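Below is one structure, written out as structure tokens; comments come after it.
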Amino acid sequence: MKDTVRIPPWKFHKPLVDAISDELRLKFANKIVKDVGLCIALYEITKLEDSYIFPGDGASHTGVYFSYIVFRPFMNEVLVGKIRSCSREGVHAATAASTMQQGSEKAFLTLMNSYHTYKDKKKQIDRIQVIHKCCGSTGYKDWKKIVWFSNEYIRPELQGTNSHGVPFTCCDPTYPGPCLHDSGDRQLPGFRMDNGKSFYSDGCSELATVTLQWMLKTLAVWLLLPVWIELVILVLIKYLHSSTQSAIDSGDETGRGYGYLMERCPLPCFEFCDTDVHALQRRKANPGK
């Protein structure tokens, strides 16, 4: 895919690739693109063109070539899933990927509900958010739905405002402005609301799902690897046995033999690459004919 990405001035302090990745996620994630499909997640940025700043606009505009993970089913495709509901609009089913994503979201939300009661779980969540640069299960707004701290720690000016905010480990250190993590949706005097721009934009459950999918793919490769090794060994054994038998049949056990998998190709469409083993043996025995 190719697109021109606009980077606002307040993101110039970030590395160009990181800033472009954030904009691509905000623009395409969970959206349907015509003739492409449902965009799920950014896979990689393959090429960056020169950046330009146009008169009257302080933002930079960069041409980007990138790859996106999309869901694009074709006609008559069979998808295995679990039926979630059925209504007049149709049947709603969940595939394995969506079921895995929902399971990760619920598991992390359950962990978040224990943030203020168990110190070990609090440390675990804070460590995950700092290392993986994520916030909440699906985003920072998940923290505003729960009470993640005791009322005794609320600042006096925030008491009675229902402003839960988010933990400080959600703060993005690359954001140029202050991170008012505990003010919630309430605007403090002398500060401008950033609408969550100072927090990490990715949810932790999404990263966990991607990691789990990568682990399952790697496991599948390692499980299939012995099968491929055995197949290669069988092919080599067949070639060795056929070449040895060919040398014996020609009367020269120490001479050269012809190895093959099958004497005749079982499929007519591959007759052009068929090998007449017996003709090779006769030609070797009578080189002048």
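Please read these numbers as outputs of a predicted model, since none were measured by experiment.
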For this session: Show your reasoning for whether side chain to side chain contact (heavy atoms under 4.5 Å, CB included) applies to C39 and K31.
Result: CA-CA 6 Å; C39 296; K31 294 182 177 63; 5.5 Å; no

For this session: Report the distance from atom CG of D126 to atom CD1 of I131, rounding to the nearest 0.5 Å.
Result: 11.0 Å

Exercise. How far does CD1 of I229 sit from CD1 of I233, to the nearest 0.5 angstrom?
Worked result: 7.0 Å

Using every non-hydrogen atom in the two residues, find where [X] and [Y] come nearest and quote the distance to one decimal.
X    : Y    : answer
G58  : P9   : O-CG, 3.7 Å
H61  : F54  : ND1-CD1, 3.3 Å
C135 : Q129 : CA-OE1, 3.7 Å
A41  : Y68  : O-CD2, 3.1 Å
G37  : R72  : CA-CB, 4.4 Å
I45  : S21  : CD1-OG, 3.5 Å

Heavy atoms, side chains only, cut-off 4.5 Å: are [X] and [Y] in contact?
X    : Y    : result
D57  : R6   : yes
T169 : I125 : no
K2   : E49  : yes
V5   : I7   : yes
E44  : T46  : yes
S198 : Y140 : no

Report yes or no: do [X] and [Y] belong to one cluster of Ile/Leu/Val/Met/Phe/Trp/Tyr joined by side chain heavy-atom distances under 4.5 Å?
X    : Y    : result
I69  : F66  : no
L42  : L48  : yes
M112 : Y118 : no
V70  : Y43  : no
I20  : F12  : yes

For this session: Step by step, work out the side chain to side chain contact (heavy atoms under 4.5 Å, CB included) result for I146 and L109.
Result: CA-CA 9 Å; I146 63 175; L109 285 173; 6.0 Å; no

Exercise. Between the side chain of D142 and the main-chain N/O of T138, is any donor-acceptor distance below 3.5 Å?
Worked result: yes

Problem set entry | Basic-acidic side-chain contact under 4.0 Å: D22, K27 | no

Exercise. Between D172 and K14, does a salt bridge (charged side-chain N to carboxylate O under 4.0 Å, His left out) hold up when you go through it step by step?
Worked result: CA-CA 11 Å; D172 186 355; K14 283 188 174 183; 3.6 Å; yes

For this session: Check the pair R25 / D202 against side chain to side chain contact (heavy atoms under 4.5 Å, CB included), numbers first and verdict last.
Result: CA-CA 9 Å; R25 292 190 185 99; D202 295 331; 3.7 Å; yes

Exercise. Side-chain donor-acceptor pair under 3.5 Å between Y65 and D3, yes or no?
Worked result: no

For this session: Verify the distance criterion only: is there a donor paired with an acceptor across the side chains of S51 and S60 at less than 3.5 Å?
Result: no

Problem set entry | Single hit among V64, V36, L24 for side chain to side chain contact (heavy atoms under 4.5 Å, CB included) with M1 | V36

For this session: Taking the two cysteines C134 and C204, decide whether their SG atoms are closer than 2.5 angstrom.
Result: yes

Problem set entry | K133, NZ atom: more than 12 neighbouring heavy atoms under 6.0 Å | no

Exercise. Is N30 atom CG crowded by more than 12 heavy atoms from other residues, nucleotides or ligands, each under 6.0 Å away?
Worked result: no

Problem set entry | Plane angle bin for Y115 and W143 - parallel if under 30°, tilted between 30 and 60°, otherwise perpendicular | perpendicular

